[in-house]
Protein chains: 2
Amino acid sequence: MLKEKTYYETQASEAEYLAWYKTQDWQTYDKPAMTVDNIIFAFDPTDRQLKLLLIERKAHPFKDKFALIGGFVDPSESAKQAALRETAEETGVKITDDNQMWQIGAFTDPNRDPRQWIISVAHATFLSPFVAAHAGDDAKDARWFAVSKDETGAIVFLSSDLTIGLDDLAFDHKDIILATFKRIKESLDVTPDILHVLGDEFTSTDALAVLNCFDSKFEHYSTGNFVKTYVKNNPILMDTGRFEENPNKPGRPKKMLRLRK
Amino acid sequence: MLKEKTYYETQASEAEYLAWYKTQDWQTYDKPAMTVDNIIFAFDPTDRQLKLLLIERKAHPFKDKFALIGGFVDPSESAKQAALRETAEETGVKITDDNQMWQIGAFTDPNRDPRQWIISVAHATFLSPFVAAHAGDDAKDARWFAVSKDETGAIVFLSSDLTIGLDDLAFDHKDIILATFKRIKESLDVTPDILHVLGDEFTSTDALAVLNCFDSKFEHYSTGNFVKTYVKNNPILMDTGRFEENPNKPGRPKKMLRLRK
DNA sequence: CAAATAGTGTCTATAAGACACTATTTC
DNA sequence: GAAATAGTGTCTTATAGACACTATTTG
């Protein structure tokens, strides 16, 4: 028997090896279930704020806690394909631009789920357009939370009648979200893909509002310096030449910008 | 039956739910096998070059191709713990500093392994000290390759009698290595953890040699400008006040630098 | 016209990089 | 002293950010 294995592994052709491999009944290693969790960001045009989609869990474990959107990965798809599928199912939005979804990483602590060995590959999604949230089967509620910071600088999520902190989240979603914010912040000057939440064209004011959620250096930035640094000199943003239509507000018309390809 | 499930999921306490959960015979989702692949970098003091550890596969699939060090993840450990264990097994070096190993990401294309559904969580390791390579059971050979570039700028790996390119590697290890180089390059100015391959203390010349493998902007950098930018002004490196011992070479004695904590 | 808002111009401090010059060692 | 190597000083240029000023719109 060992001879046969050695023959196919080292003497036969790769095609022969693979054909033989499928016929064998392998004693396999233990395997984890694989899920994806999706950190979905979008920009709410009503109040011009960056928001994060969370669901309130209906069932144990972590009943009544808020959690990221997630689901199992199918054997025929990659983690990214699963995350894209879940995004389309949950929001109705089909992400087309590859830069609108980043893999953040695999979260693999064997105790991260109290039920069984379940790993999760986290993806951050920069959704556009903004759509209303609706709860699926496993959720009591689904809603958009504005991304904000408390007095101590910790990330908090605000909705009309509820404020939640990272410690209020289910599973290891605190870690996942922290890793996501760290990654987005570190990439901001090079690949500010988070701006995809603003759609194809956007104003410098909205861009600053979004960037400020990740790096407070933008807080005291004038639109003037922003445009100079990120549009005139840098290869990141560009001026479309168009202006905002129907602002319904006083003020000089805003230039529409977009990400360079 | 459905009533019982609903009761435990939504009415019972979480402890009761989990106790009940373990008694159930769940029809599970298909699960992938989970491996780690390890991109192990080290600095060879003999020729003062950054090197990458690859093994030559003894058996199908990808027989005779070079590949990253890898192995299965145990249900009791995280992917990082598995990668640390594999590193210790393969090299004898026990990594202690958390910054010496980064998770690069999960590689989950369902066809990445021709045999079955196997995902891999890639980790980059900045090994120190440098140790000789030795082939394990599944390898015909294990060796250190100097990290270099060909005329077109593509990454190539050099050893005394063999040059291999990314397309010569097994599985999707080309993608894994490309993602690793990209990530290290992007983080260079903020977290140059790759310099851990140099040990606790190192010279500016060696640091430049390592950094140059990831960003060619260091190619025409004088040690003078390097020290000014990365040691005097920046919070990344610092001068230890000591000098290199026994250089056995002409030239002004080299200052020893180290990464700030 | 006042208020609101955004974009431009200008100045200053800082930093990066080029490069000549100095320092220290081996042979 | 010549060759090899590393570190320092200085100059130029580019850029970030502060901030005053200008532009455009609503009411």
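Just so it is clear, the values below take in all heavy atoms, side chains as well, and ignore hydrogens, waters and symmetry mates. Just so it is clear, the structure is predicted and the values come from calculations on it, not from any experiment. In what follows, chains are A, B, ... by sequence order, proteins preceding strands, each numbered from 1.
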* Taking side chain to side chain contact (heavy atoms under 4.5 Å, CB included) as the test, write out the residues that go with B/K249, two or more places apart. => none
* For the residue pair A/F226 and A/Y230, does the interplanar ring angle fall in the parallel (under 30°), tilted (30 to 60°) or perpendicular (over 60°) class? -> parallel
When the side chains of residues 175-187 of chain B are checked against the rest of the protein, which donor-acceptor pairs come out under 3.5 Å, sequence neighbours left out?
from, atom 1, to, atom 2, distance (Å)
B/T180, OG1, B/I176, O, 2.7
B/R183, NH1, B/I104, O, 3.1
B/S187, OG, B/R183, O, 2.8

How many Å lie between [atom1] on [X] and [atom2] on [N], as a whole number?
{"X": "A/E244", "N": "C/dG7", "atom1": "CD", "atom2": "C1'", "value": "14 Å"}
{"X": "A/K217", "N": "D/dT15", "atom1": "NZ", "atom2": "C1'", "value": "12 Å"}
{"X": "A/K255", "N": "D/dT25", "atom1": "NZ", "atom2": "P", "value": "14 Å"}
{"X": "B/H220", "N": "C/dA16", "atom1": "NE2", "atom2": "P", "value": "19 Å"}
{"X": "A/E219", "N": "D/dA18", "atom1": "CD", "atom2": "C1'", "value": "16 Å"}
{"X": "B/M256", "N": "D/dG7", "atom1": "CE", "atom2": "C1'", "value": "15 Å"}
{"X": "A/F226", "N": "D/dT15", "atom1": "CZ", "atom2": "P", "value": "17 Å"}
{"X": "A/Y221", "N": "C/dG7", "atom1": "OH", "atom2": "C1'", "value": "15 Å"}

* Non-neighbouring partners of A/F145 that pass ring-ring contact (aromatic ring centres under 6.0 Å, His included), sequence neighbours left out -> A/F66
* Closest to the A/T229 side chain: C/dG17, C/dT5, D/dA16? -> D/dA16
* Mind running a 4.0 Å heavy-atom check of residues 200-212 of chain A against DNA chain C and sending the residues that fall below it, in number order? => A/S204, A/T205
* Structure fact -> For nucleotides 19-27 of chain C, 5' to 3', base contacts (B), sugar-phosphate-only contacts (S) and non-contacts (-) with protein non-hydrogen atoms under 4.0 Å give B--BBBBS-
Side-chain donor-acceptor distances from residues 38-52 of chain A under 3.5 Å, at least two apart:
from, atom 1, to, atom 2, distance (Å)
A/N38, OD1, A/T125, OG1, 2.6
A/N38, ND2, A/A83, O, 3.4
A/N38, ND2, A/T87, OG1, 2.6
A/N38, ND2, A/T125, OG1, 3.4
A/D44, OD1, A/T46, N, 2.9
A/D44, OD1, A/T46, OG1, 2.9
A/D44, OD2, A/K51, NZ, 2.9
A/D47, OD1, A/Q49, N, 3.4
A/D47, OD2, A/Q49, NE2, 3.1
A/D47, OD2, A/K51, NZ, 2.8
A/R48, NE, A/D206, OD1, 3.0
A/R48, NE, A/D206, OD2, 3.3
A/R48, NH2, A/D206, OD2, 2.6

* To do: Determine which pairs satisfy salt bridge (Lys or Arg N to Asp or Glu O under 4.0 Å) with at least one residue from residues 155-167 of chain A, sequence neighbours left out, and list them in order.
  => A/R143-A/D161, A/D167-A/K174
* Sequence neighbours excluded - salt bridge (Lys or Arg N to Asp or Glu O under 4.0 Å) pairs with any residue from residues 210-224 of chain B -> B/D189-B/K217
* Structure fact -> All heavy atoms of A/F126 vs all of A/D193, minimum pair found to be CD1-O, 3.4 Å
* Below 4.0 angstrom from OP1 or OP2 of D/dA4, is there any side-chain N or O of B/K254? -> no
* Structure fact -> By salt bridge (charged side-chain N to carboxylate O under 4.0 Å, His left out), B/D239 pairs with (sequence neighbours left out) B/K255
